[in-house]
Student: 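Handing you this structure, nothing more for now.
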Number of protein chains: 2
Amino acid sequence: MVKSHEVDPTMTESRIMEAARKVFILHGFEGTTMQQIADQAGINKSLLHYYFRNKEKLFESVFAFAFRQFVPQIQDILVSHATVTEKIERMVSEYMDLLLKNEILPAFILHEINRNPDRLYAIMQNTGLDVNMFVHSFRVEMEQNKLRPMDPRHLIVNMLALCVFPVAARPLVQRVLFSNDTELYNRFLQERKKEVARFIIQSIQV
Amino acid sequence: MVKSHEVDPTMTESRIMEAARKVFILHGFEGTTMQQIADQAGINKSLLHYYFRNKEKLFESVFAFAFRQFVPQIQDILVSHATVTEKIERMVSEYMDLLLKNEILPAFILHEINRNPDRLYAIMQNTGLDVNMFVHSFRVEMEQNKLRPMDPRHLIVNMLALCVFPVAARPLVQRVLFSNDTELYNRFLQERKKEVARFIIQSIQV
DNA sequence: GTCTATATTGTGATAGAC
DNA sequence: GTCTATCACAATATAGAC
């Protein structure tokens, strides 16, 4: 039933998505042209409009996909029955690995959520991200006098900040503090995992 | 000697700069059109090319100006003869004030240095930013056994991360942790000054 | 120094053949 | 489902009048 000149449509659609993902993440929404994406996917411009109605829709698909990449792995750790200290160690280490494997994503996401914050509304609903889980288990341990009393939201923001910033600001930091030596900065980021975990854990101990 | 229809050229040039600064910082290089800048400045498109040769040159002027805004105030603190602890407290407080007065700048700078890291080369040479000053005074105190032995570069990155990230990622953090309540998040950021200083200082004590 | 008019190219998007 | 051809418009940039 399938003629020889036909190709699995799912194949083409995913190729477009992958191509769009690469180009959008690298250059942002405004910095990307439909032509660039078509070239990257090895197909014609018109096909982009056939599968995704317009540039905006295509971008939304890509952005939602990229955004969700960062959620589930954290979620797994959050719902585990480990202590807060153990959770922090795992989260910092795994999250920094994830960031280093997707170096350009942080700056991309930061830029796009500032360009159009409303986009978050649609996406956040589907992620099912539940920070309350973490906040709750922190409060439990806190009340048992095992942890210093503090607003858990500072803890969360600190963790994100210490992991995300060094990657998002790499061009600047690597240049100012490491003579723009990429290999040197990579080693710094690796040893940083222990450093950040220590820093965070120390901040919640009495 | 000045005819009535003539206007101080310096006046026009600075008006263009101010207009370009607003629009570029808000929408980024690719997201900004020369028409938008001309409208914002209340002049004609052609005048932009008269004063600055092209869009790229105009952007470079704006970016260099915006970037340098964040340097001198830190510099003053770095060269002072205060102890490291005092320097940290002042830096965190004053830097977060600076960031909050220019909320959109961090995401803008992060995006643009990733889009074109080479731009930093030209700018960094003129800033005269000397991190060695801070690193040195930290090493001195460290050797006197007053401070925990650690790589000062972690300290610097931590400080920057904890201050910059909550501002650059406001749309996301405010939405997830503060039900998108701007006033609530502002208070959180204010009380955060003390928190961050405490975190940092605690991390360098033996 | 400032404007109008225009050149030139690039862009997102659609129509229609196959 | 995929392509070619093309539209309609927007973008940067320049020429030239005043």
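Order of the sequence lines fixes the chain letters, A, B, ..., with proteins taken first and strands second; residue numbering starts at 1 for each chain. Predicted model, so just to flag it, every value in this text is computed and none were measured.
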Student: Atom CD of Q35(B) to atom C1' of dT11(C): distance rounded to whole Å?
Tutor: 17 Å
Student: Please determine whether a side-chain nitrogen or oxygen atom of Y51(B) lies at a distance below 4.0 Å from atom OP1 or OP2 of dT2(C).
Tutor: yes
Student: Tell me which nucleotide among dT2(D), dT4(D), dG12(C) gets nearest to the side chain of N44(A).
Tutor: dT4(D)
Student: Between atom CZ in R15(B) and atom P in dG1(C), what is the gap in whole Å?
Tutor: 15 Å
Student: Take a 6.0 Å sphere around NZ of K22(A) and say whether it holds more than 12 heavy atoms from other residues, nucleotides or ligands.
Tutor: no
Student: Quickly work out the E30(B) CD to dA11(D) C1' distance and round it to whole Å.
Tutor: 13 Å
Student: Compute both the distance and the angle, then confirm whether R115(A) meets the cation-pi test with F108(B): under 6.0 Å from the six-membered ring centre, within 45 degrees of the axis.
Tutor: no
Student: Cation-pi check, R119(B) to F63(B): give yes when NZ or CZ is under 6.0 Å from the six-membered ring centre and within 45° of the ring axis, no otherwise.
Tutor: yes
Student: Rounded to whole Å, please give me the gap between NZ in K45(B) and P in dA10(D).
Tutor: 11 Å
Student: Considering only dT2(C), dT12(D), dA13(C), which nucleotide approaches the side chain of K55(A) most closely?
Tutor: dA13(C)
Student: What is the distance, to the nearest angstrom, from the CG atom on D39(B) to the P atom on dA10(D)?
Tutor: 13 Å
Student: Rounding to a whole Å, what distance do you find between Y50(B):OH and dT12(D):P?
Tutor: 21 Å
Student: Nearest to the side chain of L47(A) - dA11(D), dA5(C), dT2(D)?
Tutor: dT2(D)
Student: Is the charged tip of R21(A) near the ring of F65(A): under 6.0 Å from the six-membered ring centre and within 45° of its axis?
Tutor: no
Student: Using whole Å, what does the distance between atom C1' of nucleotide dG1(C) and atom CD of E13(B) come to?
Tutor: 12 Å
Student: Answer yes or no for K55(B) and F29(B): cation-pi contact, defined as NZ/CZ to six-membered ring centre under 6.0 Å and angle to ring axis within 45°.
Tutor: yes
Student: May I ask you to evaluate whether H49(B) reaches the phosphate of dT14(D), defined as a side-chain N or O under 4.0 Å from OP1 or OP2?
Tutor: no
Student: Measure the distance from CG on L58(A) to P on dT11(C) and round it to the nearest whole Å.
Tutor: 16 Å
Student: Of the nucleotides dT14(C), dG12(C), dG1(C), which has the atom closest to the S46(A) side chain?
Tutor: dT14(C)
